[in-house]
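Quick notes on the structure that follows.
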Amino acid sequence: MEQQRLDKIIASTGRFSRREVKELIRRGQVLVDGVPARSAQEKADPEAAEITVQGEPLVYRRFTWVMLNKPAGYLSATEDGRGATVLDLLPPELRRQGLFPVGRLDKDTEGLLLLTNEGGLAHDLVSPRRHVDKEYYVRVEGRLTEEDCRAFAAGMTLDDGLVCQPAELEILRADAAGSEAHVTLREGKFHQVKRMLAQQGKPVTYLERIRMGSLRLDPALPRGAFRFLTKIEWEDLRKN
Ligand code: URA
């Protein structure tokens with residue numbers, strides 16, 4: 001791999017800002033192949049060099065993958081003149097890496113959103129041909145019934161002509177005052193969960209994505225927070 005500046009390599013892990021890297025280097029806490037680095041501009045091959053920071057080996061990844069627990073009120077876009085985007089929830093070091101959301105969640109939808117700068121795999125995960133499951137927890141008005149489940153399983157055609165692939169509706173609680181369910185889709189058309197349930201006469205009052213393929217929303221991740229994917233999670237995603 002080509003040589004890159006040390007501050008860029010170390011900041012790409014998201015653990016330190018470029019300014020902090022400078023300070024670490026000044027204190028002699030960054031070693032490249034056992035030799036203390038002298039400046040943040042010094043270059044190294046991040047895949048070949050052994051870089052340690054404060055005694056810990058640096059785990060370099062060519063691409064960054066982040067799991068965000070999206071709160072309501074943020075747009076799934078990289079920039080938007082109309083309001084806050086999910087990128088605003090990440091620190092500046094990460095924002096500079098060209099991350100973009102993998103598919104979209106509506107502004108009022110919460111939960112699992114992946115961000116990455118690895119275009120190929122991101123594209124595969126949202127491609128309708130790949131049929132990667134997307135699972136949602138949903139609350140609706142009215143009582144969900146077995147008939148609703150059958151309509152989802154059969155593949156619905158919406159009033160506006162959208163033909164949906166068979167989907168799964170698993171009722172968690174059904175009550176005339178409101179119901180809860182898990183919905184699993186293998187595609188991701190615009191407002192799809194809301195449109196399917198509206199057509200059944202059960203408008204969505206709350207929507208949260210809880211899984212994408214092999215990857216579940218980490219229950220330890222607070223709303224609005226992010227974490228990096230582990231190597232195993234990333235490898236499993238590639239197998240989806
Ligand atoms: N379906 C929707 O209606 N909205 C989302 O944000 C995701 C799936």
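Just so you know, these numbers come straight off a predicted model, no measurement behind them. Order of appearance sets the numbers: ligands from 1, and atoms from 1 within every ligand. Reckoned from all heavy atoms, side chains included, excluding hydrogens, waters and symmetry mates.
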For atom 4 (N) of ligand 1, the protein heavy atom that lies nearest, with its residue and separation: Asp106 OD2, 2.7 Å
What distance do Leu112 atom CG and Leu215 atom CG have between them, rounded to the nearest 0.5 Å? 5.5 Å
Examine the side chains of Tyr206 and Glu180 and answer whether a donor and an acceptor come within less than 3.5 Å of each other. no
Within the structure provided, determine whether Glu141 and Ser179 are in side-chain contact (heavy-atom separation under 4.5 Å). no
Please answer whether the main-chain N or O of Val21 pairs with a side-chain N or O of Asp7 as donor and acceptor at a distance below 3.5 Å. no
Given 3.5 Å as the limit, does a donor-acceptor pair link the side chain of Lys134 with the main chain of Val132, or not? yes
Find all atoms of ligand 1 within a distance of less than 4.0 Å from any non-hydrogen atom belonging to [X], and give their numbers and elements.
X	answer
Tyr136	7 (C), 8 (C)
Thr109	4 (N), 5 (C), 6 (O)
Lys194	3 (O)

Using a heavy-atom cut-off of under 4.0 Å, does the side chain or the backbone of Leu207 touch ligand 1, or both, or neither? side chain
One residue to check: Val193. Relative to ligand 1, which of side chain, backbone, both or neither has a non-hydrogen atom less than 4.0 Å away? both
Could you tell me whether His191 and ligand 1 have an N or O pair separated by under 3.5 Å? yes
One pair to check against salt bridge (Lys or Arg N to Asp or Glu O under 4.0 Å): Glu187 and Lys189. What are the steps and the verdict? CA-CA 6 Å; Glu187 55 187 344; Lys189 304 266 169 47; 3.0 Å; yes
